[in-house]
Amino acid sequence: MEGVLLRRAAQLLGSARRVVVLTGAGISAESGVPTFRDGLTGLWARFDAQRLATAEAFHADPDLVWGWCEWRRARVSRAEPNPGHLAIATIQTRVLGSTVITQNVDDLHERAGTRAPIHLHGSLFAPRCVAAAAHPATFEGTSDGEPAQPHEGRRIPPPRCASCAALVRPGVVWFGEPLPEAALTAAVEAAVACDVLLTVGTSGVVHPAAEIPRVAARSGAAVIQVNPQPTPLDQVCAINLRGTAAHVLPALVAAAWEETGEE
Ligand code: BV8
């Protein structure tokens, strides 16, 4: 990756007052969590993630979709944040006006020390009653804590809501479902107000999340992309850093604050 581009990005980041960091599956790839682009494996190999992550799939075969989310939750629980996650936590300490927004349903940003990342697409750690999200998260009859998982995964019957005995569903946003309003509003407001937006490890194809870098660019911010591959976001970016999150982000953070001589 060209040093010139990294230094320019570092200057922008180091002198920014309001920073937004938007992440996708690529930030967790180097922690061993497969991206959505990486085909599914094991029991799910014959399914397409985008089709499995729908209310239709859950209602058609709740044990399959619950089993899939428990398998992913087990993998995430065994994974560790990588230097990319840690660098983002550092940006949050260095720039008080910074907001971290993620499309990921894992908890690796939190485990890296990032405070209150905005989860646009929910979390694998927030199951809720399918009938009423307001019902307390107390469930009958499933694995709490560490689910025992055969490597290839297995169907697992979802638990039942202790209040109304309805099925419990994963706390993620399925395709065709609206994003949590408060999260989307906070994300758009941060994008409008920021002077630098860092988009990391996202293919920029899932909406409305993919609009966030465009909102920032339209509001005059400098958008910096970290991705080993080109994406549809390239043309709205001031700088495209072609590399992986765990390699580029620590170098960017080191250069940004060396640049301004702030120790
Ligand atoms: C909705 C939770 C309406 C579930 C997820 C406009 C245009 C076209 C389509 C639409 C549109 N508006 C809406 C749609 C439909 C749809 C959509 O966007 N479809 C796409 C696929 C065409 N959007 C929706 O359905 C949304 N809801 O619109 O509701 C509505 C409104 C009101 C009332 C009723 C309804 C909901 C979208 C959210 C779906 N849920 N996840 C679960 O996880 O089980 S999305 C899921 O996929 C992830 O959360 C993530 O967002 C997305 C995957 O994208 P990425 O994170 O970018 O990952 P990907 O694998 O694609 O790419 C990885 C990238 O990383 C690559 O670029 C790669 O090069 C890079 N990379 C790899 N390794 C590294 C790396 N980068 C750095 N370092 C590395 N080491």
Side-chain angles (χ1 to χ4, degrees), residues 1 21-41 44 47-58 62 64-73 75-76 79 81-88 101-109 117-128 153 158 169-181 183-185 187 198-215 224-234 237 240-252:
M1 180 190 28
V21 182
L22 172 71
T23 66
I27 184 102
S28 297
E30 291 157 288
S31 295
V33 179
T35 72
F36 256 66
R37 243 90 311 254
D38 301 334
L40 296 179
T41 56
W44 295 279
F47 297 95
D48 154 10
Q50 236 166 274
R51 301 272 300 277
L52 217 42
T54 62
E56 296 72 27
F58 182 71
L64 182 75
V65 173
W66 184 263
W68 179 47
C69 288
E70 284 294 271
W71 179 73
R72 294 162 69 198
R73 187 167 71 87
R75 286 190 75 146
V76 165
N82 65 58
H85 295 106
L86 299 170
I88 290 172
I101 304 166
T102 188
Q103 298 170 73
N104 301 343
V105 293
D106 64 45
D107 64 346
L108 295 175
H109 279 302
I118 297 174
H119 281 269
L120 288 178
H121 297 160
S123 161
L124 288 169
F125 299 85
R128 65 174 191 272
R169 58 162 287 171
V172 300
V173 178
W174 284 323
F175 287 94
E177 289 187 324
L179 275 54
E181 201 169 337
L184 184 57
T185 305
L198 208 46
T199 176
V200 181
T202 183
S203 56
V205 297
V206 173
H207 292 262
E211 282 311 305
I212 305 256
R214 293 182 172 87
V215 168
I224 301 166
Q225 178 167 228
V226 177
N227 195 315
Q229 304 296 328
T231 75
L233 293 170
D234 282 28
C237 294
N240 286 296
L241 301 175
R242 289 270 182 268
T244 71
H247 288 86
V248 173
L249 291 176
L252 179 61

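A quick note: this is a predicted structure, and the numbers were derived from the prediction, not measured. Remember, it's 1-based here, ligands and their atoms both numbered in the order they're listed.
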Any heavy atom of Leu52 under 4.0 Å from ligand 1? The part involved is neither
Looking at Val65, Ile27, Val173, Leu124, the heavy atom closest to atom 2 (C) of ligand 1 belongs to Val173
Arg128 and Pro170 have their tightest heavy-atom pair at NH1-O, 4.4 Å
Give the atom numbers and elements of ligand 1 that come within less than 4.0 Å of a heavy atom of Glu177. 1 (C), 26 (C), 27 (N), 29 (O), 36 (C)
So is Val206 polar-close to ligand 1, meaning N/O to N/O under 3.5 Å? no
Verify side chain to side chain contact (heavy atoms under 4.5 Å, CB included) between Ile27 and His109, making sure each step is shown before the conclusion. CA-CA 9 Å; Ile27 184 102; His109 279 302; 4.2 Å; yes
In ligand 1, the atoms that come under 4.0 Å of a heavy atom of Glu30 are 78 (N), 79 (C), 80 (N)
Looking only at heavy atoms, which two atoms of Val172 and Ser123 are closest? And how far apart? CG1-O, 3.7 Å
Give yes if a backbone or side-chain nitrogen or oxygen of Gln103 is under 3.5 Å from a nitrogen or oxygen of ligand 1, and no if not. yes
Please identify which atoms of ligand 1 are closer than 4.0 Å to at least one heavy atom of Ala25. 55 (P), 56 (O), 58 (O)
Judged by heavy atoms only, the candidate from Ala210, Ala53, Gly26 nearest atom 72 (C) of ligand 1 is Gly26
Ligand 1 and Gln50, any nitrogen or oxygen pair closer than 3.5 angstrom? no
With respect to Gly176, determine whether any N or O atom, backbone or side chain, lies less than 3.5 Å from an N or O atom of ligand 1. yes
Enter the distance from Leu233:CG to Thr202:OG1 here, rounded to the nearest 0.5 Å. 6.5 Å
I want to confirm something. Looking only at heavy atoms, which of Asn227, Thr231, Leu249 is nearest to atom 70 (C) of ligand 1? Asn227
Could you report the tightest heavy-atom contact between Val173 and Pro178, atom names first, then the distance? CG1-O, 3.6 Å
Do Ser203 and Thr231 have side-chain atoms, one donor and one acceptor, less than 3.5 Å apart? no
Would you check the N or O atoms of Gly201, main chain and side chain alike, for any that come under 3.5 Å of an N or O of ligand 1? yes
Which of the listed options, Ala246, Gly24, Gly122, Ser203, holds the heavy atom that is closest to atom 54 (O) of ligand 1? Ser203
With Cys237, the side chain to side chain contact (heavy atoms under 4.5 Å, CB included) member among Asp234, Asn240, Leu241: Asn240
Within the structure, does Val226 bring an N/O atom to less than 3.5 angstrom of an N/O atom in ligand 1? no
Who's closest to atom 5 (C) of ligand 1 heavy-atom-wise, of Glu211, His207, His121? His121
State the atoms of ligand 1, each with its element, that fall below the 4.0 Å cut-off from a heavy-atom position in Gln229. 69 (O)
For Asn227 and Gln229, indicate whether the former's side chain and the latter's backbone hold a donor-acceptor pair under 3.5 Å. yes
Looking only at heavy atoms, which two atoms of His119 and Pro180 are closest? And how far apart? O-CG, 4.2 Å
